[in-house]
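Along the sequence shown, residues carry numbers from 1.
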Amino acid sequence: MTSVKTSSAPAPQPTGKAPGVALHTGTSDLRALVLNNLRQSGIYVALVVIVALFAVLTDGVSLSPGNITNIVLQYSYILVLAIGMVIVIIGGHIDLSVGSVVALTGAVSAVLVIREGYPWWVGILAALAVGVAVGAWHGLWVAYAGIPAFIVTLAGMLLFRGLTLRVLDNVSLSPFPADYQQVAAGFLNGLLGGQGFDAFTLLIGAVAVAGYVVSGFRTRVARVRYQQPVESFPLFVARVAVVGAVIMYFAWQLAHARGLPIVLIVLAVLVLVYGLLTRRTVFGRQVYAIGGNLSAATLSGVKVRTVNFWMFVNMGFLAAVAGVIYSSRSNGAQPAAGNMFELDAIAAAFIGGAAVTGGVGTVVGAVVGGLIMAVMSNGMQLMGVDQSVQSVVKGLVLLVAVAFDVYNKRRAGTAR
C-alpha cells in the first residue's frame with residue numbers, strides 16, 4: 001500500500017491580521033481615495049470651498065476672530081440638534097418636533113428661573129427632564145404603538161408648540177440671571193495668561209490636534225492589520241498636517257477674540273460621546289442595523305422596539321440641551337422660539353452624508369453639514385443678502401445633497 005506523507009505542521013489559522021504589512025502600505029492615488037469615500041470626503045471639500053468663497057466675497061471678514069466666535073455662539077444649538085437628528089435618521093426615522101421641544105424646554109426653564117425665582121441650575125435640570133419626557137412620549141408611540149415617526153413627531157410639533165404658548169401665557173420672559181447666560185455666552189479666558197491672546201484656548205487646540213493624530217494613526221494601523229485600503233503614509237501625514245493646521249488656526253482666532261466659548265466645550269463633549277456611542281457600542285451598531293435592514297436586524301435578535309424607544313429619548317434630551325443653549329443665548333424664552341429648527345437639523349444631517357433610507361451617516365458628518373449651513377447663513381448675512389434669497393440657497397443646497405446621495409447609491413449599484 002502506498003502511504004501518503006502528511007505534514008506535521010499545523011494548518012495556518014485565520015487571525016484577521018495581515019502579517020508583514022508595514023505602516024507605510026497604501027495607495028497614493030488621491031483620486032481613487034476620494035472616489036471610494038465620496039459620500040464623506042465630498043462634504044469636507046464642500047466646507048473648505050464654501051469657507052474660502054465667503055472669505056473672498058467678504059474681504060476676509062468671515063474669518064475674523066470676532067465672526068468665527070459669533071458662528072460658534074449663533075449656531076451651536078443647531079449642531080446639537082443635528083447630532084440627535086442624524087442618529088434618528090440612521091435608524092430610519094425622522095423627528096419634526098425638535099423645534100417645538102426647544103421652545104418648550106426653554107419656556108419651562110424661564111418660568112422656573114425668571115418667574116418663580118428658582119436657581120439657574122434648577123431651570124436647566126427641569127428643561128432636561130422635560131426633554132427626556134417628550135422623547136419617551138414619542139418613543140412609546142413609535143416603538144410600541146407602531147405609528148410612523150413622521151406622524152408622531154408631526155403631532156408633537158403641534159402639541160408642544162401649543163404647550164409652549166400655555167406655559168408662557170403667550171408672552172416672552174426675560175432676562176435670565178448672569179449664571180444662566182454663561183451657558184451660551186460665557187468664555188474661559190485668562191486661565192493660563194497670554195499677551196494679547198488666550199493661552200488656554202491654544203492649549204486646548206493643541207490637545208485636539210494631538211487627539212486627532214493619535215486617533216487617525218490607530219485607525220490606520222487597524223485598517224492595515226485587516227488588509228483594508230488606506231492612503232499612502234505621505235498622504236496620511238499630509239492629511240493630518242492640513243487638519244491640524246485648520247484646528248490651530250481656528251483656536252488662534254478664538255484666542256484672539258474672547259477665548260474659549262463654554263458652549264464649544266459642551267458641543268465638543270457631545271461630539272466625542274456620541275461619536276463613540278455610534279461607532280463603538282452595541283446600541284450604535286443596532287441603530288445602523290435597524291436603519292440598514294429592519295428585517296435582518298429583527299431576525300438577528302436586535303430588540304428593535306427598545307432601540308427605537310431610546311433613540312427618541314435621546315433626541316428629546318438633545319433637544320432640551322439645545323433649548324437651554326438657545327434660551328441662554330437669547331436671554332429669555334419666546335413663544336415662537338425654535339421655529340424651523342427641525343428643518344435646519346434635518347438639512348445638516350443629510351448634507352453631512354446621512355442616507356434618506358437610513359443605515360448611513362455619522363455624527364461628525366452631521367456636524368460638518370451643520371457647519372456648512374452655518375457658514376453659508378453667516379456669509380450671506382455679512383453680504384446683506386435678502387432673507388428670501390437665503391432660503392432659496394439653503395433649499396437648493398439640501399436638494400443637491402440628497403441628489404448626491406442618490407447618485408452615490410446608483411454609482412454603487414444599490415439604488416432601490
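The shortest side-chain heavy-atom distance between Thr278 and Phe283 does not fall under the 4.5 Å cut-off. Considering only heavy atoms from C-beta on, Arg279 comes within 4.5 Å of Leu276 through its side chain. Inter-residue side-chain proximity for Met373 and Leu79 is flagged as unmet; no heavy-atom pair is nearer than 4.5 Å. Residues Val167 and Leu104 meet the side-chain proximity criterion, which asks for heavy atoms closer than 4.5 Å. The shortest distance between side-chain heavy atoms of Leu81 and Met315 falls below 4.5 Å. In this structure, the side chains of Asp344 and Tyr75 stay at 4.5 Å or more apart for every pair of heavy atoms. Using a 4.5 Å cut-off on side-chain heavy atoms (C-beta onward), Ile94 and Ile346 make contact. At a threshold of 4.5 Å between non-hydrogen side-chain atoms, the residues Tyr326 and Thr105 do not count as touching.
Between Phe176 and Tyr180, the ring-plane angle classifies as parallel under the 30° and 60° cut-offs. Taking the six-membered ring where the residue is Trp, Phe341 and Tyr77 present parallel rings, their angle staying beneath 30° rather than reaching 60°.
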Problem - side chain to side chain contact (heavy atoms under 4.5 Å, CB included) between Leu267 and Ile83, intermediate numbers included - result: CA-CA 10 Å; Leu267 182 61; Ile83 294 172; 4.2 Å; yes
Handout entry: Verdict with supporting geometry, Ser62 and Leu382, side chain to side chain contact (heavy atoms under 4.5 Å, CB included)
Key = CA-CA 8 Å; Ser62 64; Leu382 291 176; 4.0 Å; yes
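When Gln74, Gln390, Lys394 are each tested for a side-chain hydrogen bond (donor to acceptor under 3.5 Å, both in side chains) with Ser377, only one passes: Lys394. A side-chain contact (heavy atoms from CB on, under 4.5 Å) with Asn67 is found for one member of Thr69, Ile71, Leu63 and no other, namely Ile71.
Checked against a 6.0 Å centroid threshold, the rings of His138 and Phe309 do not count as neighbours.
To the nearest 0.5 Å, atom OG of residue Ser109 and atom CD1 of residue Ile114 are 7.5 Å apart. One finds the OG1 atom of Thr362 at 11.0 Å from the CD1 atom of Ile87 (value rounded to the nearest 0.5 Å). Note that CD1 of Ile78 is 9.5 Å distant from CE of Met85, once rounded to the nearest 0.5 Å. From His256, atom NE2 reaches atom CD1 of Ile68 across 12.0 Å, with rounding to the nearest 0.5 Å. Here CG of Leu112 is found 10.5 Å from CG of Leu173. Values are rounded to the nearest 0.5 Å. The distance from atom CD1 of Ile262 to atom CG of Leu73, rounded to the nearest 0.5 Å, is 10.5 Å.
When atom types are taken as modelled, the side chain of Asp386 and the backbone of Ser388 share a donor-acceptor pair closer than 3.5 angstrom. The closest donor-acceptor contact from the side chain of Ser215 to the backbone of Gly211 lies at 3.5 Å or more, if one exists at all. Of the possible donor and acceptor atoms, one in the side chain of Tyr288 sits under 3.5 Å from a partner among the backbone N and O of Gly361. When atom types are taken as modelled, the side chain of Asn331 and the backbone of Pro175 share no donor-acceptor pair closer than 3.5 angstrom. The backbone N or O of Gly106 lies less than 3.5 Å from no partner atom in the side chain of Ser327, so there is not a single donor-acceptor pair.
Considering every non-hydrogen atom in both Ala348 and Ala82, the closest pair reads CB-CB, 3.8 Å. Closest of all the heavy-atom pairs between Val363 and Tyr274 is CG2-O, 3.7 Å. When every heavy atom of Ala185 is checked against every heavy atom of Ser328, the shortest pair comes out as N-OG, 4.5 Å.
Donor-acceptor pairing under 3.5 Å is lacking for the side chains of Tyr144 and Asn308.
Sparse packing is recorded around CZ of Arg166, with 12 or fewer heavy atoms of other residues, nucleotides or ligands lying under 6.0 Å away.
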